Every structure is written in structure tokens, then in C-alpha cells.
A.B. asks: 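Have a look at this one.
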Amino acid sequence: MRILSGVLFLSFFIVHLNAAEETIATVTKARGNVQLKRIGETSFSDLSSGFSLQSGDIINVGEPGFCMVIFLDDKSILKIRESTQFQFVESENTRTLNIEFGKLLSDVKKERQKDFRIETSVSVASVKGTQFWSVVNKMGFDKFYGLEGQVEIFNTISGQFVTLGPGEMTLSTATGQIVTAPASPEEVPEDPEAEFEEEIEEEVEVEVEEEEPEIEEPEEEIEEEVEEEAPEEEPEVEEPIEEPMEEVEEPIEEPSPEREKPFNMGLGIGSATIDGVIYNQLALRPEFRFGKLGVGLDMVIYIDNEGNFRKEEWDEVSDIADKFLYIRWAEKSDPFWFKLGALEGITLGYGGILSGYSNMMEFPSVRRVGINTGVNFAGFGAEIFMANVKDFARGGTLVGLRGTYTISKKIPLVLGVNYITDINQFSGLKDRDDDTYPDFFDDFPDSSKLWNDTDGDGIPDPHAGLDSSRWDIDADGDNLLSSLHGGTDVEELKPEPFSIEKNKSFATGIAFDIGYPILRTKSVSVDLYAEYNMLSFPAIDTQQFKRIERKGSGITIPGIRTNLFKFLNITFEYRIKREYFVPQFFDQAYDLNRVVAIEDEQGFVVYTKDMLVFKDESSKINSSGFFGSAGINIFNLAQLNASYTSMVADTIEFNSFSAFASLNAENIPKLSEASAFYQRNNEKNPFDFRNPSVNTILGYRVGYELSKGVSLVWDFRQFYRDTGSGLEPVKQTTIETQFNF
């Protein structure tokens with residue numbers, strides 16, 4: 001048995017060794033300080049033209065230096081500038097270049113046998129046949145410049161991706177940001193081959209001049225033969241130099257639509273808590289990309305401990321919309337763009353009213369389908385945002401509109417206006433059977449035809465259209481009140497429950513802003529802006545709900561945003577508040593406290609967010625203060641973002657604090673991801689972590705890499721609800737094993 005095991009191990013080692021030693025590319029040009037380190041070697045050695053390259057080889061081009069590589073199978077070409085280091089990683093179906101730092105021009109042929117990818121510490125560029133630059137620094141800021149064709153750029157920190165086309169630049173950072181914009185010609189790195197060719201031509205001319213005296217010495221016949229041979233020899237001298245150049249200069253057609261169909265498959269296996277019940281979860285998450293169109297699905301099955309499937313996700317036609325995690329077209333910098341499904345980090349304008357909104361805070365127990373779309377043309381910009389299409393069908397949802405106008409390129413003054421409204425805050429109350437009576441008030445939350453049970457015995461009160469044999473009023477089944485039997489206690493029927501259809505609660509915000517970039521350099525940018533915001537909550541007076549009218553306004557003047565050396569972002573605002581107003585009223589946690597039902601002695605009572613925020617007269621007092629935020633990338637090891645607001649009126653303080661932190665998992669073995677967040681707004685002491693409030697939300701996400709492409713992910717979120725008798729923590733935990741194919 002030991003002999004057999006030894007033979008198998010030796011066979012595997014030999015096969016692996018042969019695969020590693022297979023030549024995949026050849027160095028066609030090398031000038032200056034160009035070095036190579038092979039697998040198993042501890043130091044670099046000089047590299048020159050003609051060297052064969054293998055999987056695992058690391059190339060380092062110093063300053064000055066230039067190197068050109070051609071792959072043997074598909075004739076794709078790499079041009080490597082000075083101060084660059086990367087490694088070749090070949091597999092059966094994929095060719096990957098792991099770039100640590102530097103500038104590299106890729107000319108990838110469409111007729112290739114393997115998928116071609118550029119990988120950095122924060123980005124992945126997937127190529128289908130194109131020509132583009134990769135510019136990578138050690139601080140976690142990647143830039144990609146499109147020359148021909150298209151490239152899919154994926155940010156591994158945020159999970160977002162964009163499509164890079166000709167004449168465009170994509171910035172992908174360790175903070176999770178990924179943006180595509182038009183590239184100015186002076187930004188694009190220069191192709192160093194032209195300089196290289198000039199050097200070669202000079203060397204060839206020198207060699208020819210040195211050879212001429214030797215050719216002229218022989219007799220005329222020999223001289224004629226030499227002259228006749230000279231033209232034939234010249235192409236032989238220049239052939240190895242110009243052959244790769246001709247392939248690079250060869251025009252490349254745009255990739256056909258059939259080739260622009262990248263496909264990713266994600267599989268999640270684990271557990272999830274929904275409505276307080278723990279389910280086993282099986283999730284299939286394929287992603288399809290067709291150029292600028294991207295589709296992500298989330299097909300999940302939940303199974304309880306008894307082996308029963310949870311049918312709520314599959315029993316209605318409307319559930320089909322929940323299976324689309326997102327559908328998107330293009331990016332916000334394009335003339336037209338949209339995204340349908342999961343929305344996160346939605347901010348309109350400078351965020352005075354709506355900032356960082358997410359419709360995913362209660363996912364997966366509550367699945368919302370949002371819309372975010374817009375257009376850009378001739379200095380005008382327009383954006384539309386809707387939090388949940390399903391809520392809109394019930395008569396309410398959060399809607400936002402923004403319009404902007406830029407005066408001109410010479411005078412880049414930007415004017416903006418925002419309109420945000422919650423059409424009906426009550427649509428945030430859960431109503432499983434869609435009978436317009438929320439589950440809190442519905443005695444039969446799973447039946448659209450029943451809602452009241454006065455005596456609580458499970459038999460319904462009289463309902464319209466209900467068979468009278470099923471009526472029950474007083475718990476004895478005779479459908480008669482106790483007073484008719486000579487009793488002294490008369491039991492009254494419960495009144496009609498609170499109805500979403502018969503009650504409307506609006507919350508509206510309007511904002512006007514103006515901004516101007518006062519400084520723009522490669523290392524520093526400064527924007528100056530001002531914003532005027534208004535909030536309005538109309539009075540409501542029905543049999544089931546009452547709310548007084550509240551209005552307020554806020555002014556930000558001045559506001560300053562600064563980016564220093566492309567790794568530090570700082571924002572400062574001076575704010576003035578008047579009456580019933582709080583900044584970022586529609587924030588990340590808005591769906592959690594948009595409307596709540598609090599239980600008291602008489603049952604559940606409905607409160608909207610404004611009623612909780614402005615519950616006493618002290619919230620009406622005028623105040624002023626400041627807002628500050630900072631985001632920093634710490635040597636590509638961690639990303640930290642924090643903000644703090646302090647508003648003071650006489651002796652009353654309203655303070656807010658939020659923070660987000662993430663680690664670069666590339667620097668920590670076996671860690672695939674790690675992030676955490678905390679938010680607490682409009683409190684006297686937002687740092688009182690031991691005593692949370694309804695304004696507190698927190699969470700974290702940690703992934704442990706079991707093997708390449710397989711991670712165990714723990715996702716935890718927690719917020720608080722006021723039950724009338726105290727705070728109730730609401731915890732949502734998802735544990736799953738994720739597979740990325």
C-alpha cells in the first residue's frame with residue numbers, strides 16, 4: 001500500500017512539475033533593468049530577449065526599463081513599463097496576471113483558448129479580447145484605461161463592477177469605490193515601444209555603417225553580391241523587432257455580443273433567521289453580464305428543522321421579482337443608466353435629507369425591490385429613486401427625484417434640487433395576506449378574508465361574505481352576546497382593525513443645493529457647497545390615527561469636501577436647524593423605524609418615525625452645530641470611515657455618530673472578508689454603547705476562507721424596537737458557505 005501511495009505521489013509530482021515547466025510566453029524585447037524570478041528561487045536574475053516564461057514566473061521591470069512579452073498560443077502581447085512587478089498564473093482555463101504595482105498594457109486577442117484576467121489587491125479585470133492599460137499602486141488605487149473593446153472591472157471590496165470601454169477610465173479603490181468616467185488623453189500612459197523602436201533603429205544604423213567598409217573592400221563582383229544581399233538581410237535584422245509590433249498595431253474588432261456573456265455562479269449553504277425562526281438555507285446566485293447589462297439572481301430555498309419548505313417565497317406571482325437580486329444597465333456617468341432590485345448607499349445631492357439609504361437592512365426576512373435610474377445630457381442630469389416597487393403597489397413607498405444643471409466646463413457651478421417623499425409610511429407595516437390590515441392588528445394574518453376574533457378562540461367574528469355557521473362572538477359558539485342569555489357582562493365586538501388603505505401618512509423633504517470645485521490638482525481636490533433643506537409632516541386625523549402637523553428646515557453653509565492624495569477624504573459642514581428638522585431623516589436605517597407598532601394596555605398603537613424623533617417639544621427648539629466625516633485607507637490594510645454631528649440649543653444637545661470599518665482580507669491568511677458598522681443618530685450621547693435606543697443599528701460580516709473560492713460567511717445585523725414596555729433587540733443572523741465558480 002505504501003509503495004502504491006508513493007507511486008501515485010511521484011506521478012502527481014512529475015505531472016505537476018511538467019505543467020509548471022511548460023513554456024507559455026516569450027520575451028521579445030527587454031531594455032534596462034528587467035529581471036525574472038522563477039518558482040523556488042529566492043532572488044531575481046537578469047532577463048533578456050528570447051527568454052521563455054512559465055506559470056509562476058515573476059517579472060520585475062525597474063527604472064529605467066521596458067519589457068515586451070508575447071504568448072505562444074494566441075499571440076496576445078504585454079508591454080510592461082518601468083517600476084512594475086507581476087506574476088504569471090496559468091490554469092487549465094484561465095490566464096491571470098497578478099499585478100503588485102506598476103503599469104502594463106495588455107493586447108488580448110479574441111481568438112484565444114483561455115480566459116484572460118488582471119488581478120490586483122482590490123480589482124479583477126475580465127477580458128474578452130481588447131487592448132487596455134492597468135495602472136496599479138501599492139495604496140490600493142487601481143486605474144484602467146480602455147483603448148479598444150470592453151473590459152469588465154470588478155471591485156473585490158464592495159462587490160460592484162462596471163464596464164470599461166474605449167476612451168474611458170475606471171477607478172477602483174480599496175474603499176470599495178468603483179467609477180467609470182471619460183479619460184483625458186494626457187492621463188493615458190504612453191506606449192514605450194516607440195522609444196524602444198527608435199533605439200533599435202539607431203543601433204541598426206550604427207551596425208550597418210560599421211559593416212559598409214568591410215563590404216567595400218572586396219572586388220566589384222563580390223561587392224555587387226553584397227549589395228544585392230544587403231536588402232535581403234535588412235528585413236532579417238528588423239523582423240524580430242517589427243513582428244510583435246505589427247500584431248499590436250493590427251486593428252481589433254469590437255467583441256461580438258456572443259463573446260460578451262460572462263457568467264458567474266455563487267452558491268450559499270447555511271442558516272438564516274426569519275421572523276424569529278431558524279431555517280436551513282440553500283441559495284443559488286448566478287450572475288449574467290451582457291456588455292453594460294448585468295443580471296443577478298437570488299434563488300433561495302428555506303427548510304425548517306422538520307424538513308418543511310417555507311412556501312412564502314414561492315407561492316405568489318409577485319415572488320418572481322424577489323428572485324432578481326439586481327438588474328442593471330450602465331453606470332451613473334453614462335447618458336442613461338438604471339438598477340432594479342437591491343439598492344444600497346443611495347444619496348441624493350449632498351445628503352441633507354436622504355443619505356446612505358439601503359433597502360437591504362431587513363434582508364432576507366424582508367425582500368424589497370427598488371429602482372434607481374437617471375439620464376445625463378448637455379449639462380443636465382436627472383435621477384429617480386424608488387425604495388420598493390411592492391410597497392408602491394400597496395399605495396406607498398419612499399420616492400426620490402433629483403435634477404442638476406452644470407453651467408459650463410469653464411464655469412463648473414452645479415445647481416441641484418431634490419424632492420423626497422414617503423407616499424404612505426404605513427405601507428412599511430407587514431401584511432402577509434395583503435388584506436390591508438397589518439399583521440399586528442390582524443387576528444388572521446394568513447387569511448385575506450378574515451381579520452377579527454373578539455374572544456380569541458380562533459373562530460372569526462362575523463365578516464362580510466363569511467358563512468354564518470362559522471361565526472363566533474362570545475366564545476360559546478352560539479353567535480349571541482352574553483346579555484341575550486340574561487348575563488350581566490356584555491361583550492362588544494372589536495372595531496375594524498387599523499387599515500393601510502384607509503390611513504395615509506406622508507413625509508416629504510425638499511432640498512436646493514449649489515456646489516463649485518474651487519481646487520483640482522492630481523493630489524488635492526476641494527469642493528465648496530451649500531444646501532437648504534425642508535421637512536414636512538402633514539396633520540392626520542382619522543378614527544384610527546392622529547398626528548399633528550410638523551415642519552422644519554435646515555441650512556448647510558458652508559460645506560467643504562476635500563480629497564488629499566487620493567487616500568484621505570474629509571467633509572465639514574456648519575448646520576443650522578429650525579423647528580422640526582433633523583439631517584439625513586431618510587437614512588440607512590429608515591426602513592427599520594419608518595413606522596412601528598408599539599403595544600400598550602389597549603393593544604398596538606402605530607407611530608411613524610417623525611412622531612418618535614419629535615416626540616417632545618425640545619425637538620422643536622432651534623439649534624446649530626457642525627458635521628464632520630473622514631475616510632482613510634491605512635496602507636491598504638484597512639479602510640475606516642466615521643462621521644459625527646453635534647447640534648446644540650441652549651442646554652439641549654442632539655448628536656449623531658456612525659462608523660464603518662473593513663479589513664483588506666488579502667493581507668490576512670484564511671480571511672476572505674471582514675467589515676463592521678455602527679450608527680446612532682439624534683441622541684444626547686451616541687457613544688453610550690451599553691444603553692442602545694431605537695436609533696441604534698449595528699452589524700458585521702466575516703468570511704473564513706475554507707479553500708480557494710469557498711468561504712464560510714457569518715453575517716449579523718441588530719437593531720431595536722420600542723415595545724411600549726422597553727426596547728426589544730431584533731437580531732438577524734445568516735451563516736452560509738459561499739462557493740464562487
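One-based numbering along the sequence shown. These numbers were taken from a predicted model, which means no experiment stands behind them.
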A.B. asks: For the side chain of R81 and the backbone of E190, is there at least one donor-acceptor N/O pair under 3.5 Å apart?
C.D. replies: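 Judged by distance alone, yes, a pair lies under 3.5 Å.
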A.B. asks: How about L105 and L147: do any of their side-chain heavy atoms sit closer than 4.5 Å?
C.D. replies: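 Heavy-atom side-chain distance check passes, below 4.5 Å.
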A.B. asks: Between CZ of F154 and CD of E119, what distance do you get to the nearest 0.5 Å?
C.D. replies: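 Rounded to the nearest 0.5 Å, the CZ-CD separation comes out at 10.5 Å.
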A.B. asks: Show the nearest heavy-atom pair for residues P412 and K410, with the distance to one decimal.
C.D. replies: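 Minimum heavy-atom separation between P412 and K410: CD-O, 3.4 Å.
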A.B. asks: Quick one about D587 and S355 (side-chain donor to acceptor, distance below 3.5 Å, no hydrogens or angles considered), yes or no?
C.D. replies: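 No, D587 and S355 have no side-chain donor paired with an acceptor closer than 3.5 Å.
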A.B. asks: Going from OG1 on T404 to CG on N376, what distance comes out if it is rounded to the nearest 0.5 angstrom?
C.D. replies: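 The OG1 atom of T404 sits 7.0 Å away from the CG atom of N376.
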A.B. asks: Any side-chain heavy-atom pair from N533 and I510 closer than 4.5 angstrom?
C.D. replies: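 Not in contact.
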A.B. asks: Checking side-chain contact (heavy atoms from CB on, under 4.5 Å) against F86, which of V61, N98, I80 comes through?
C.D. replies: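 With F86 as partner, side-chain contact (heavy atoms from CB on, under 4.5 Å) holds for just one option, I80.
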A.B. asks: As an exercise, state the distance from CG of L564 to CD1 of I570, rounded to the nearest 0.5 Å.
C.D. replies: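 The CD1 atom of I570 is 5.0 Å from CG of L564, to the nearest 0.5 Å.
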A.B. asks: Checking R717 side chain against M361 main chain: does a donor-acceptor pair fall under 3.5 Å?
C.D. replies: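 Present.
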A.B. asks: Can you tell if the side chain of R701 reaches within under 4.5 Å of the side chain of F677, non-hydrogen atoms only?
C.D. replies: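 When only atoms from C-beta onward are counted, F677 and R701 do not touch, as no gap falls below 4.5 Å.
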A.B. asks: Dump the intermediate steps for side-chain contact (heavy atoms from CB on, under 4.5 Å) on F627 and T571, then the final yes or no.
C.D. replies: CA-CA 8 Å; F627 163 83; T571 299; 4.1 Å; yes
A.B. asks: Apply the test salt bridge (Lys or Arg N to Asp or Glu O under 4.0 Å) to residues R368 and E362: give CA-CA distance (whole Å), side-chain angles for both, the deciding distance (0.1 Å), then the verdict.
C.D. replies: CA-CA 9 Å; R368 298 181 173 91; E362 296 179 279; 2.7 Å; yes
A.B. asks: Angle between ring planes, Y644 versus F687, binned at 30° and 60°: parallel, tilted or perpendicular?
C.D. replies: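 Correct class here is parallel.
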A.B. asks: Minimum heavy-atom separation for G515 and L413, please, with both atom names.
C.D. replies: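 Answer, listing the atom of G515 first, then L413: O-CD1, 3.4 Å.
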A.B. asks: Indicate yes or no for a side-chain donor-acceptor contact from S358 to the backbone of M360 under 3.5 Å, with no hydrogens or angles considered.
C.D. replies: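 Confirmed, S358 side chain pairs with M360 backbone.
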A.B. asks: Would you check if there is a donor-acceptor pair between the side chains of N372 and E383 at a distance under 3.5 Å?
C.D. replies: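 There is such a pair between these side chains.
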A.B. asks: Is there a side-chain hydrogen bond (donor to acceptor under 3.5 Å, both in side chains) between N695 and R680? Walk through the geometry before answering.
C.D. replies: CA-CA 5 Å; N695 297 319; R680 187 167 180 175; over 6 Å; no
A.B. asks: Start with the C-alpha distance between T170 and T180, add both sets of side-chain angles, then the distance that settles side-chain hydrogen bond (donor to acceptor under 3.5 Å, both in side chains), and finish with yes or no.
C.D. replies: CA-CA 4 Å; T170 293; T180 296; 2.8 Å; yes
A.B. asks: Spell out, as yes or no, whether a donor-acceptor pair under 3.5 Å connects the side chain of Q584 to the backbone of G351.
C.D. replies: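 Side chain of Q584 to backbone of G351: a pair is present.
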A.B. asks: Taking all heavy atoms of L164 and all of G146, pick out the closest pair and write down the distance.
C.D. replies: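 Heavy atoms only, the tightest pair is CD2-N, 3.6 Å.
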A.B. asks: Count the heavy atoms of every other residue, nucleotide or ligand shown that sit under 6.0 Å from CD1 of I518, and state whether that count exceeds 12.
C.D. replies: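 Correct, the count exceeds 12.
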A.B. asks: Looking at F585, is K609 sitting on its ring face, NZ or CZ under 6.0 Å from the six-membered ring centre and within 45 degrees of the normal?
C.D. replies: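 Ring-cation test returns yes.
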A.B. asks: Got a salt bridge between D527 and R520, using NZ or NE/NH1/NH2 to carboxylate O under 4.0 Å?
C.D. replies: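 Here D527 pairs with R520 in a salt bridge, since their nearest N and O are under 4.0 Å apart.
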A.B. asks: As a quick check of understanding, evaluate ring pair (Phe, Tyr, Trp, His ring centres under 6.0 Å) for Y145 and F132, giving each step before the final call.
C.D. replies: CA-CA 6 Å; Y145 297 90; F132 70 105; over 10 Å; no
A.B. asks: Heavy-atom distance under 4.5 Å between the side chains of I420 and L348, does that happen here?
C.D. replies: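 I420 reaches L348 side chain to side chain.
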A.B. asks: If you look at every heavy atom in G352 and F581, which pair is closest and at what distance?
C.D. replies: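 Closest approach of G352 to F581: O-CZ, 4.1 Å.
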A.B. asks: Between K551 and M534, is any pair of side-chain heavy atoms under 4.5 Å apart?
C.D. replies: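 Contact flag for K551/M534 side chains = no.
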A.B. asks: Please walk me through it: do Q131 and V108 pass side-chain contact (heavy atoms from CB on, under 4.5 Å)?
C.D. replies: CA-CA 6 Å; Q131 190 178 91; V108 184; over 6 Å; no
A.B. asks: Taking the side chain as C-beta and beyond, is there a heavy-atom pair between N418 and F512 under 4.5 Å?
C.D. replies: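 N418 does not reach F512 side chain to side chain.
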A.B. asks: For T397 and D391, which I'm curious about, is there any donor-acceptor pair between the side chains at under 3.5 Å?
C.D. replies: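 No, no side-chain donor-acceptor pair sits under 3.5 Å.
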A.B. asks: Hydrogens and angles aside, do S505 and Q425 bring a side-chain donor and acceptor to less than 3.5 Å of each other?
C.D. replies: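 Yes, a side-chain donor-acceptor pair sits under 3.5 Å.
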A.B. asks: What's the shortest heavy-atom distance between S123 and D142, and which atoms?
C.D. replies: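 Nearest heavy atoms, S123 then D142: OG-OD2, 2.8 Å.
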A.B. asks: Closest approach of P189 and W133, non-hydrogen atoms and distance?
C.D. replies: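 Taking every non-hydrogen atom into account, O-NE1, 3.4 Å.
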A.B. asks: Given D422 and Y590, is the side-chain contact (heavy atoms from CB on, under 4.5 Å) satisfied, shown in steps?
C.D. replies: CA-CA 11 Å; D422 192 334; Y590 180 69; 2.6 Å; yes
A.B. asks: For Y419, does the six-membered ring have the charged nitrogen or CZ of R402 within the cation-pi criterion, i.e. under 6.0 angstrom from the centroid and within 45° of the normal?
C.D. replies: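 Checked: cation-pi criterion not met.
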A.B. asks: Does the side-chain hydrogen bond (donor to acceptor under 3.5 Å, both in side chains) test come out yes or no for S172 and N155, once each step is laid out?
C.D. replies: CA-CA 6 Å; S172 179; N155 185 284; 2.8 Å; yes
A.B. asks: Do N359 and N388 pass the side-chain hydrogen bond (donor to acceptor under 3.5 Å, both in side chains) test, and can you show the C-alpha distance, the side-chain angles, and the key distance before you say yes or no?
C.D. replies: CA-CA 8 Å; N359 67 358; N388 191 5; over 6 Å; no
A.B. asks: For residues F537 and F506, establish whether the separation of their ring centroids is below 6.0 Å.
C.D. replies: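 Centroid distance F537-F506: not below 6.0 Å, so no.
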A.B. asks: Any side-chain heavy atom of R550 within less than 4.5 Å of one from K620?
C.D. replies: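 Result no, sub-4.5 Å side-chain heavy-atom pair not found.
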A.B. asks: Count the heavy atoms belonging to other residues, nucleotides or ligands that lie under 6.0 Å from CD1 of I557, then report whether that count exceeds 12.
C.D. replies: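 At most 12 heavy atoms, drawn from other residues, nucleotides or ligands, come within 6.0 Å of this atom.
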A.B. asks: Quick one: do L354 and L398 satisfy side-chain contact (heavy atoms from CB on, under 4.5 Å)? Show the steps, please.
C.D. replies: CA-CA 10 Å; L354 187 143; L398 181 63; 4.1 Å; yes
A.B. asks: Are the side chain of T120 and the backbone N or O of V122 linked by a donor-acceptor pair below 3.5 Å?
C.D. replies: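 Pair found, side chain donor or acceptor close to backbone of V122.
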A.B. asks: If you round to the nearest 0.5 Å, how far is CG of L78 from OG1 of T84?
C.D. replies: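 T84 OG1 to L78 CG: 11.5 Å, rounded to 0.5 Å.
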A.B. asks: Does a side chain donor of either S536 or T508 reach within less than 3.5 Å of an acceptor in the other side chain?
C.D. replies: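 No pair is found: no donor N or O on one side chain lies under 3.5 Å from an acceptor on the other.
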A.B. asks: Check whether the side chains of S643 and S629 place a donor and an acceptor atom closer than 3.5 Å, and report yes or no.
C.D. replies: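 Distance-only check fails for S643 and S629.
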A.B. asks: First locate atom CG of L535, then atom OG of S553, and finally report the distance between them rounded to the nearest 0.5 Å.
C.D. replies: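 That separation rounds to 9.0 Å.
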A.B. asks: Between Y580 and F614, does the ring centre distance come in under 6.0 Å?
C.D. replies: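 Distance test on ring centres: under 6.0 Å, yes.
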A.B. asks: Is it true that the side chains of S662 and Q639 contain a donor and an acceptor less than 3.5 Å apart?
C.D. replies: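 Not at all, the side chains of S662 and Q639 share no donor-acceptor pair under 3.5 Å.
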A.B. asks: Measure the spacing between OG1 of T556 and CZ of F572 and express it to the nearest 0.5 Å.
C.D. replies: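 Separation between the atoms: 10.5 Å.
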A.B. asks: State whether a side-chain donor-acceptor pair under 3.5 Å links N655 with S646.
C.D. replies: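 The criterion, which ignores hydrogens and geometry beyond distance, is satisfied for S646 and N655.
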A.B. asks: Quick one: are F144 and M169 in side-chain contact, heavy atoms under 4.5 Å?
C.D. replies: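 No, side chains not in contact.
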A.B. asks: Give a yes or no on whether the ring-centroid distance for F385 and F586 is below 6.0 angstrom.
C.D. replies: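 That pair fails the under 6.0 Å test.
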A.B. asks: Report yes if the distance between the aromatic ring centroids of Y350 and Y529 is under 6.0 Å, otherwise no.
C.D. replies: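 Here the rings of Y529 and Y350 have centres that are less than 6.0 Å from each other.
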